[in-house]
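What follows is a single structure, written as C-alpha cells, with notes after it.
Atoms within each ligand, like the ligands themselves, are counted from 1 in listed order.
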Amino acid sequence: MSALASDARTPEGAKFGSCLSPDLPEPRLISFGGAEHLLRPLSLSDADRLIAFFQSHNEETVRLRYGYFFREMTPSRARDLVGVDQRKDLALGIFSTRADGTEEIDAIGRYFLLEDGKAAEMAFIVRESKRRLGMAQTLLHVLKDNARKRGLNELVAQVQRENHGMIALFRLAGASVRSVLGADAVDIRLPLHPTTP
Ligand SMILES: CC(C)(COP(=O)(O)OP(=O)(O)OC[C@H]1O[C@@H](n2cnc3c(N)ncnc32)[C@H](O)[C@@H]1OP(=O)(O)O)[C@@H](O)C(=O)NCCC(=O)NCCS
C-alpha cells in the first residue's frame, strides 16, 4: 500500500526546514493508513522522541537497523543521530500526534555522505505497528530526490541477507542487489541518474 502525499505545507517549515539548510525537504503532511502524519527533517529537539521511539523497538528491529542488538539508546547517541549536519547528510522523520497532543516518531530514513562526496549510505526504520503503510517507500523517494538535487550519483546500503522486506523495497526502487563475499549481507546500489551512461 502506498502513501498519499497531500503536500500541505505547515508552519513548522520555518522551524525545521530552511534554517538548517536551504535545500532540505519542506515539512509536509502525508496520509498513511488513513491518518495524517508529518514528514520533516529531524533536529536536535527530537532527541527525547528518538529515545522513546527506540524503546518501542523489539530486538529484531534493532538488529536489522543497527547490525547488532543493544538495549539502551543513550542521550548522547540520540543527539548524534538527530543532530546530523543536514547540509551534507539528511535525516528525516515521519511523526504522528498522540491523543495528548505530543508528537512521536513513527519512521526514520537517513543518508550520510561517503568520503568520495558522490555517494551516500542509507538506513531506514519504521515502528513495528506502522509497517506496510508506505512510510519507508515515501522516505526513500524524498531521500533520492534530495540526493539527486545535491549532485550525488548513487545511494548505497549494506543489508542483512535475511532482511527480505528491505531488499524487496530497494528492488522496487530500481536498486541492484549483490552478495557480499564472506558476509551474511548484500550490497545495495541505487543509481540516481539511471539513464546516464
Ligand atoms: C524494512 C522496513 C524499513 C520497511 O518499512 P515499511 O514502511 O514497512 O515499508 P513500506 O510500507 O514502504 O513497503 C513498501 C514496499 O516494500 C516491500 N516490502 C516492505 N516490507 C516488506 C516485507 N516485510 N516483506 C515483503 N515486502 C516488503 C513491499 O513491496 C511494500 O509494498 P506493499 O506493502 O504494497 O506490498 C521496516 O520493515 C523496518 O523498519 N524494518 C526493521 C529495520 C530495518 O530492517 N532497517 C533496514 C536497515 S537499512
Side-chain angles (χ1 to χ4, degrees), residues 1-7 25 28-40 42 46 49-73 77-78 80-82 84 89-96 104-114 119-147 152 154-180 183-192:
M1 201 194 309
S2 278
L4 242 186
S6 66
D7 200 25
R28 69 194 76 167
L29 293 172
I30 306 183
S31 169
F32 293 104
E36 200 162 82
H37 292 71
L38 177 67
L39 186 156
R40 64 162 173 81
L42 295 175
D46 293 314
R49 291 183 194 99
L50 182 72
I51 292 171
F53 182 44
F54 181 84
Q55 286 164 350
S56 79
H57 303 331
N58 64 30
E59 290 197 16
E60 188 190 38
T61 295
V62 174
R63 203 171 40 74
L64 289 176
R65 162 61 182 89
Y66 295 97
Y68 62 98
F69 176 67
F70 56 102
R71 232 166 254 294
E72 192 196 356
M73 172 64 67
R77 188 169 191 176
D80 286 348
L81 284 166
V82 295
V84 298
D89 302 330
L90 185 59
L92 302 173
I94 293 177
F95 298 79
S96 55
E104 66 181 7
I105 298 177
D106 286 326
I108 292 176
R110 63 174 67 241
Y111 71 62
F112 66 88
L113 195 62
L114 297 177
E121 184 163 341
M122 319 170 261
F124 298 87
I125 186 161
V126 176
R127 183 180 290 278
E128 284 125 25
S129 60
K130 298 246 177 143
R131 301 243 170 112
R132 304 301 287 268
L133 298 177
M135 289 191 179
Q137 202 166 40
T138 299
L139 287 165
L140 176 57
H141 179 78
V142 180
L143 291 178
K144 269 174 69 178
D145 203 40
N146 177 272
L152 302 194
E154 60 178 358
L155 290 174
V156 302
Q158 202 164 86
V159 177
Q160 291 172 42
R161 196 186 299 275
E162 70 190 87
N163 197 343
H164 304 293
M166 192 74 251
I167 294 169
L169 200 161
F170 282 139
R171 279 194 203 279
L172 266 179
S176 66
V177 180
R178 286 218 187 115
S179 294
V180 178
D184 208 9
V186 293
D187 255 332
I188 307 289
R189 305 194 91 84
L190 180 56
L192 296 172

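Under a 4.0 Å criterion applied to the non-hydrogen atoms of Leu133, ligand 1 contributes the atoms 11 (O). Near Asn163, meaning under 4.0 Å from any of its heavy atoms, are these atoms of ligand 1: 43 (C), 44 (O), 46 (C). When each atom of ligand 1 is checked for a heavy atom of Ala168 under 4.0 Å away, the hits are 26 (N). The distance from ligand 1 to the heavy atoms of Ala136 drops below 4.0 Å at these ligand atoms: 3 (C), 4 (C), 5 (O), 6 (P), 7 (O), 9 (O), 12 (O). Each of the following atoms of ligand 1 lies closer than 4.0 Å to a heavy atom of Ile125: 39 (O). Each of the following atoms of ligand 1 lies closer than 4.0 Å to a heavy atom of Phe124: 3 (C), 42 (C), 43 (C), 45 (N), 46 (C), 47 (C), 48 (S).
Under 4.0 angstrom from ligand 1, the non-hydrogen atoms of Leu172 all belong to its side chain.
Nearest-residue assignment for atom 19 (C) of ligand 1 (options Gly165, Gly67, Ala157; heavy-atom criterion): Gly165. Taking only non-hydrogen atoms, the option from Arg131, His164, His141, Gln137 nearest to atom 12 (O) of ligand 1 is Gln137.
Among Ile105, Val62, Thr61, the one residue that satisfies the side chain to side chain contact (heavy atoms under 4.5 Å, CB included) test with Phe54 is Val62. Of the options Ile108, Val82, Ile51, a side chain to side chain contact (heavy atoms under 4.5 Å, CB included) to Asp46 is made by Val82 and by none of the others.
At under 3.5 Å, a nitrogen or oxygen of Val126, whether backbone or side chain, sits near a nitrogen or oxygen of ligand 1. Between Met122 and ligand 1, not a single N/O pair is under 3.5 Å apart.
More than 12 heavy atoms of other shown residues, nucleotides or ligands fall within 6.0 angstrom of atom NE2 in His57.
Nearest approach of Asp106 to Phe95, heavy atoms of both residues: OD2-C, 4.2 Å. When all heavy atoms of Leu155 and Ala147 are compared, the closest pair comes out as CD2-CB, 4.1 Å.
For residues 160-169, the salt bridge (charged side-chain N to carboxylate O under 4.0 Å, His left out) pairs, not counting sequence neighbours, are Arg63-Glu162, Arg161-Asp184.
Between the side chain of Arg131 and the main chain of Val126, a donor-acceptor pair closer than 3.5 Å is present.
By the 6.0 Å and 45° rule, Arg77 stacks over the aromatic ring of Phe70.
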